[in-house]
Engineer: 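Can you keep this structure in mind? I'll have questions shortly.
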Amino acid sequence: MTDVDALRQDVAIANRILERMGLSHAFGHASARIPGTNTFLMPTRRSPGLAEAGELLVIDTEGRLVSGEGEPNSEFWIHARMYAAREDVGGVVHAHPPACVCLTQIGEPHRVVHNQGAIFSAGVPEYARVGLIRTRELGDLLAKVVGGGKAAMMRGHGITTAFSDVRTATVAACYLEESAALQLRMLSAAGGDATRLRVFSAEEALPLADQIAGSVARRAWDYFAAVAAANPLGSGQK
Ligand SMILES: [Zn+2]
């Protein structure tokens, strides 16, 4: 198997993870940059739960279809312009996870409330404009909101994560949704009073950076990939 073939497998698994873990259903997508190029692998316009390694498209950062059969997802500009803006980014995930959407709609920013959430201790900026990212200009706008960071919350829409590789971007997306779901439960238990949450300080979060690196991240990927392989389509939906 070539490196690009292995990457195709990872992109297909990443997309299926998004659907099986309940981060997306009919919509959402994960992509990976083909290393050393301005092109990336992305599924065709269908549920991420149906992604297949052999059916991925190759698209460039100008939004041109380079190879593959089929129509790209309409929000491919999210990926194209993130890779254009950030040479260090090798994997991008865009999904519509419900707890993250809820947080945006009650005006609560993401807070670090458990260990895995600590990877976002620098904050998750909000892209406040509602609606889909179907133009190059909106893709650039979203990339600007993410800036040099790891993710953005998208009001009434979902999230985008940007990391060095697609596995990390996918694990991070799962962590972000887990974190948002816990934050909502804590807010509810605290009668909606955000000041009662014992949010991790920057100093407390710092030693937890390894939650998205090395063996910890590998373990998370292996688990999410196994869930995606073992469970039928739709099983992760909430
Ligand atoms: Zn979307």
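Whatever order the structure lists ligands and atoms in, that order sets their numbers, starting from 1. The first residue of the sequence shown is numbered 1, and numbering continues consecutively from there. As the structure is a prediction and not an experimental result, all values here were calculated from the model.
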Engineer: Tell me whether Arg198 is salt-bridged to Glu204, with the criterion being a basic N under 4.0 Å from an acidic carboxylate O.
Structural biologist: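 Between Glu204 and Arg198 there is no salt bridge, as every charged N stays at least 4.0 Å from the carboxylate O atoms.
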Engineer: Please table the atom pairs, donor to acceptor, closer than 3.5 Å between any side-chain atom in residues 121-134 and protein atoms at least two apart or in another chain.
Structural biologist:
unit_1, atom_1, unit_2, atom_2, d
Ser121, OG, Ala118, O, 3.4
Arg134, NE, Ser74, OG, 2.9
Arg134, NH2, Ser74, OG, 3.2

Engineer: Can you run down the side chain to side chain donor-acceptor pair (under 3.5 Å) pairs that involve residues 215-225, sequence neighbours left out, and say none if there aren't any?
Structural biologist: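 Every pair satisfying side chain to side chain donor-acceptor pair (under 3.5 Å) with a residue in residues 215-225: there are none.
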Engineer: In the shown structure, where waters are left out, how many protein N, O or S atoms lie under 2.8 Å from the Zn ion (ligand 1)?
Structural biologist: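 For the Zn ion (ligand 1), protein nitrogen, oxygen or sulfur atoms under 2.8 Å: 4.
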Engineer: Run the salt-bridge test on Arg136 and Glu62 with the 4.0 Å N-O cut-off and return the result as yes or no.
Structural biologist: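 Result for this pair is yes, salt bridge flagged.
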Engineer: Using side-chain heavy atoms (C-beta onward) and a distance below 4.5 Å, is His25 in contact with Ser47?
Structural biologist: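 In short, these two side chains do not touch, never coming nearer than 4.5 Å.
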Engineer: Quick one: list whatever passes salt bridge (charged side-chain N to carboxylate O under 4.0 Å, His left out) with Glu71, sequence neighbours left out.
Structural biologist: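 Counting only residues at least two positions away or on another chain, Glu71 forms a salt bridge (charged side-chain N to carboxylate O under 4.0 Å, His left out) with Arg45.
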